[in-house]
S.K.: 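One structure is given below, represented as structure tokens, and several questions about it will come after.
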Amino acid sequence: MLDIKLIRERPDFVRERLLTRGGGDERKIDEVLSLDEKRRNLLGEVEALKALRNKVSKEIGAMMAQKKLAEAEVKKTETRAIGERIVELDRAVAAAEQSRDEVLLRLPNIPHSSVPLGQSAADNPVVRSWGSQPQFGFRPKTHVEMCEQLKLVDFARGTKLTGSGFLLYTNLGARLERALIQFLLDLHSTSHGYVEVSPPFMVKSECMVGTGQFPKAIDQAYAVQEGEDKTTLGKLYLIPTAETPVANIHREEILKEADLPINYCAYSPCFRAEAGAAGVGTRGMIRVHQFDKVELIRVVNPAHGYDELEKMVGHAEAVLQKLGLHYRVIQLCTADLGFTSAKTYDIEVWAPGQKAYLEVSSCSNCEDFQARRMNLRYKSEAGDNRYPHILNGSGTALARLFVALIETYQQSDGSVIVPEPLRPYLKSDRLAAS
RNA sequence: GGAAGGGUGGCUGAGUGGUUGAAGGCACCUGACUCGAAAUCAGGCGUAGGAGCAAUCCUACCGGGGGUUCGAAUCCCCCCCCUUCCGCCA
């Protein structure tokens with residue numbers, strides 16, 4: 001959530017920055033300002049009345065103590081009307097505040113000044129790349145062919161169980177998935193200084209608001225119903241990423257400055273309705289409704305937010321380097337930036353069977369945008385409460401990593417060589433049809 | 001799910017309708033004393049919103065929400081959480 005004070009004091013700056021996103025949100029600034037002014041006017045009015053009521057009530061108390069009962073009764077009768085007016089105005093203030101916040105909660109974050117201007121994803125610059133596209137002496141297969149031949153994933157039965165976009169990993173496929181999760185968690189927790197956590201896979205709507213999925217993207221979430229109790233429907237949501245529960249761990253808290261930075265890594269399945277994406281890359285494992293991911297979350301001092309973002313990208317890149325997978329890092333331009341992010345790098349891994357780069361990580365600094373929504377603060381050395389920067393990065397998403405891995409390491413005989421770092425986890429150096 | 005007890009400031013712990021944003025203690029900060037420290041003494045010490053150039057002032061907050069009242073931490077209703085016991089259960 002943007003700071004209402006910033007909008008009040010520098011509306012032109014906010015409008016100009018939002019304009020670079022191309023979403024038309026800058027047009028809502030006037031609405032926010034007028035709702036905010038309405039709220040403040042009502043607030044001033046009701047607070048003056050409350051001050052009056054408090055004063056009179058004390059006077060009544062004093063009269064009662066002096067046994068001037070008749071006089072007190074007269075005052076009480078006079079004051080009754082003030083109370084009624086206060087109730088009305090309180091409701092009006094709450095309504096104005098709610099209207100203001102409804103608009104405010106749907107405004108995206110302001111892009112950082114270092115983010116390149118652009119009109120679409122086509123304008124995202126490539127920052128660097130690592131390795132090179134592997135060459136094959138044969139036509140490389142797609143992961144779909146390979147999964148079927150090696151029986152790594154049973155697409156048909158996954159669909160039978162739940163529907164399209166849900167995967168049934170089988171045998172060595174299931175083992176590989178589990179090996180990858182463990183490899184990733186071990187790497188980040190032992191080599192990169194992240195504390196491993198294992199969060200709930202369902203959260204309350206407050207958490208979804210905190211990390212920015214709600215209210216705007218509520219159509220992308222799966223809501224849960226408890227047993228036959230229909231009143232519970234919509235109270236809990238399946239998480240679209242571990243970022244949601246993990247970034248909210250300290251919501252409503254005031255941390256100490258010395259507690260920062262806080263670094264968490266977590267595995268979770270991710271549930272995404274992908275509403276409106278039907279028909280787009282629906283075949284195979286590239287775009288599914290449930291996938292595994294290891295997420296990195298950092299809560300840092302704002303002074304170091306952007307240095308820490310660079311480091312976090314490095315942590316995600318280390319995954320692909322260790323696995324020997326060719327990738328490139330791109331920076332999202334203003335038009336492609338996610339709702340909560342001020343600056344984002346995406347990491348795209350090369351998948352030879354797809355002849356395409358697949359996004360396996362997105363690393364963002366959301367600055368204080370999420371901290372403000374979840375009321376997460378830290379007490380500075382100076383003694384005042386401030387909002388920390390919250391960073392999130394995939395380290396990395398699994399279904400696509402799985403794809404890149406088997407497509408990259410496929411052999412002419414149809415088997416897959418397992419890269420060195422995974423062998424201890426998989427207890428095998430090769431995936432082959434049995 | 002049932003029963004009982006309980007949720008007050010960083011901690012502890014008073015407070016059952018009227019200068020209580022909240023006694024006392026601990027912790028913390030500043031000053032005095034001291035070569036320095038400890039002890040002691042004096043003062044300070046919550047969060048948020050609003051008005052104001054500022055000093056400062058006002059409003060709200062005692063788990064959350066609603067109600068009664070001129071006035072609620074205190075009374076009433078609903079909900080949440082914690083502890084213990086019982087039931088159920090991987």
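Below, read A as the first sequence line, B as the second, and so on, with proteins coming before strands; counting in each chain starts at 1. Worth knowing before you read on, the calculation uses all heavy atoms, side chains too, and leaves out hydrogens, waters and symmetry mates.
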S.K.: Using a heavy-atom distance cut-off of less than 4.0 Å, which residues of residues 53-76 of chain A contact RNA chain B?
M.R.: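 Those residues are A:Arg53, A:Asn54, A:Ser57, A:Ile60, A:Gly61, A:Met64, A:Lys76.
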S.K.: Between A:Lys293 and A:Thr396, is any side-chain donor less than 3.5 angstrom from a side-chain acceptor?
M.R.: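 No.
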S.K.: Roughly how many Å apart are B:rA22 and B:rC61, using the P atom of each and rounding to a whole number?
M.R.: 14 Å
S.K.: Please report whether the ring centroid of A:Tyr237 lies less than 6.0 Å from that of A:Phe214.
M.R.: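 Yes, close enough.
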S.K.: So which of residues 37-52 of chain A are in contact with RNA chain B, with a heavy-atom cut-off of under 4.0 Å?
M.R.: A:Arg39, A:Arg40, A:Leu43, A:Glu47, A:Lys50, A:Ala51
S.K.: Looking for any heavy atom pair under 4.0 Å, which part of the strands does A:Lys379 touch: base, sugar-phosphate only, or nothing?
M.R.: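 Sugar-phosphate contact only.
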S.K.: For nucleotides B:rC29 and B:rA38, find the distance between their P atoms and express it as a whole number of Å.
M.R.: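 Approximately 10 Å lies between the P atom of B:rC29 and that of B:rA38.
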S.K.: If I pick the C1' atom on B:rG71 and the same atom on B:rG18, what distance separates them, to the nearest angstrom?
M.R.: 7 Å
S.K.: A:Arg377 or A:Lys204: which one's nearest nucleotide on RNA chain B is closer to the 5' end?
M.R.: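 Counting from the 5' end, the first nearest nucleotide belongs to A:Arg377.
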S.K.: Any ion pair linking A:Arg80 and A:Glu84 (charged N to carboxylate O, less than 4.0 Å)?
M.R.: no
S.K.: May I ask you to check whether A:Gln354 and A:His143 show a side-chain donor-acceptor distance below 3.5 Å?
M.R.: yes
S.K.: Looking at every non-hydrogen atom in both residues, tell me the closest pair between A:Cys363 and A:Val313 and how far apart they are.
M.R.: CB-CG2, 3.8 Å
S.K.: Does a donor on one side chain and an acceptor on the other come within less than 3.5 Å for A:Gln213 and A:Glu243?
M.R.: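 Judged by distance alone, the side chains do not pair up.
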S.K.: Under the salt bridge (Lys or Arg N to Asp or Glu O under 4.0 Å) rule, what do A:Glu420 and A:Arg423 come out as? Steps first, then yes or no, please.
M.R.: CA-CA 5 Å; A:Glu420 189 65 47; A:Arg423 289 178 192 174; 3.2 Å; yes
S.K.: Where do A:Ser428 and A:Arg430 come nearest, in terms of heavy atoms and distance?
M.R.: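 Reported closest heavy-atom pair: OG-O, 2.9 Å.
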S.K.: Would you say the side chains of A:His315 and A:Tyr194 form a donor-acceptor pair under 3.5 Å?
M.R.: yes
S.K.: Assess, by modelled atom type and distance only, whether the side chains of A:Glu257 and A:Asn301 contain a donor and an acceptor separated by less than 3.5 Å.
M.R.: yes
S.K.: Which of residues 3-10 of chain A have a heavy atom under 4.0 Å from RNA chain B?
M.R.: A:Lys5, A:Arg8
S.K.: Describe, in one word, how the ring planes of A:Tyr306 and A:His389 are oriented to each other, choosing from parallel (under 30°), tilted (30 to 60°) and perpendicular (over 60°).
M.R.: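 A:Tyr306 vs A:His389 ring planes: perpendicular.
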S.K.: Step through it carefully: locate the ring centre of A:Tyr387, locate the ring centre of A:Tyr378, and say whether they are under 6.0 Å apart.
M.R.: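 So the answer is no for these two rings.
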S.K.: Suppose you measure atom P in B:rA14 against the same atom in B:rG67; what distance do you get, rounded to whole Å?
M.R.: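 Comparing P positions in B:rA14 and B:rG67 gives a spacing of 32 Å.
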S.K.: Taking any atom closer than 4.0 angstrom to a non-hydrogen atom of chain A, what span of RNA chain B does the protein reach, first nucleotide to last?
M.R.: B:rG18 to B:rG71
S.K.: For B:rC77 versus B:rG5, give the span between their P atoms, rounded off to a whole number of Å.
M.R.: 14 Å
S.K.: Near RNA chain B, under 4.0 Å by heavy atom, which residues of residues 80-97 of chain A?
M.R.: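 Correct list: A:Arg80, A:Arg91.
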S.K.: With rounding to the closest Å, how many angstrom separate the P atoms on B:rU12 and B:rU30?
M.R.: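 Comparing P positions in B:rU12 and B:rU30 gives a spacing of 26 Å.
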S.K.: Does A:Glu274 pair with A:Arg287 as a salt bridge, N-O distance under 4.0 Å?
M.R.: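 Yes.
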S.K.: Rounded to the nearest 0.5 Å, what's the gap from CG on A:Leu320 to CG on A:Leu401? Could you check?
M.R.: 6.5 Å
S.K.: Pairs counted as Watson-Crick or G-U wobble with both distances under 3.5 Å: what dot-bracket string results for RNA chain B, using | for bases tied to another strand?
M.R.: ((((((((.[[[..)..(.....]]].(((((.......))))).((((((....)))))).[[[[[..)....]]]]])))))))....
S.K.: Measuring only the C1' atom in each nucleotide, how far is B:rG15 from B:rC62? A whole number of Å is fine.
M.R.: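 Their C1' atoms lie roughly 11 Å apart.
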S.K.: Does a side chain donor of either A:Thr190 or A:Asp186 reach within less than 3.5 Å of an acceptor in the other side chain?
M.R.: no
S.K.: Give a yes or no on whether a salt bridge exists between A:Arg8 and A:Asp36, defined as a side-chain N under 4.0 angstrom from a carboxylate O.
M.R.: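 Salt bridge: yes.
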S.K.: Quick one: do A:Glu37 and A:Arg40 make a salt bridge, cutoff under 4.0 Å?
M.R.: no
S.K.: Looking at A:Arg15 and A:Asp30, is there a salt bridge between them, counting it only when a charged N and a carboxylate O are closer than 4.0 Å?
M.R.: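 Here A:Asp30 pairs with A:Arg15 in a salt bridge, since their nearest N and O are under 4.0 Å apart.
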S.K.: Do you know the tightest heavy-atom contact between A:Ala266 and A:Leu185?
M.R.: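 That would be C-CD2, 4.1 Å.
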S.K.: If you measure from the C1' atom in B:rG17 to the same atom in B:rU74, how many Å do you get, rounded?
M.R.: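 My reading of the C1' atoms in B:rG17 and B:rU74 gives 7 Å.
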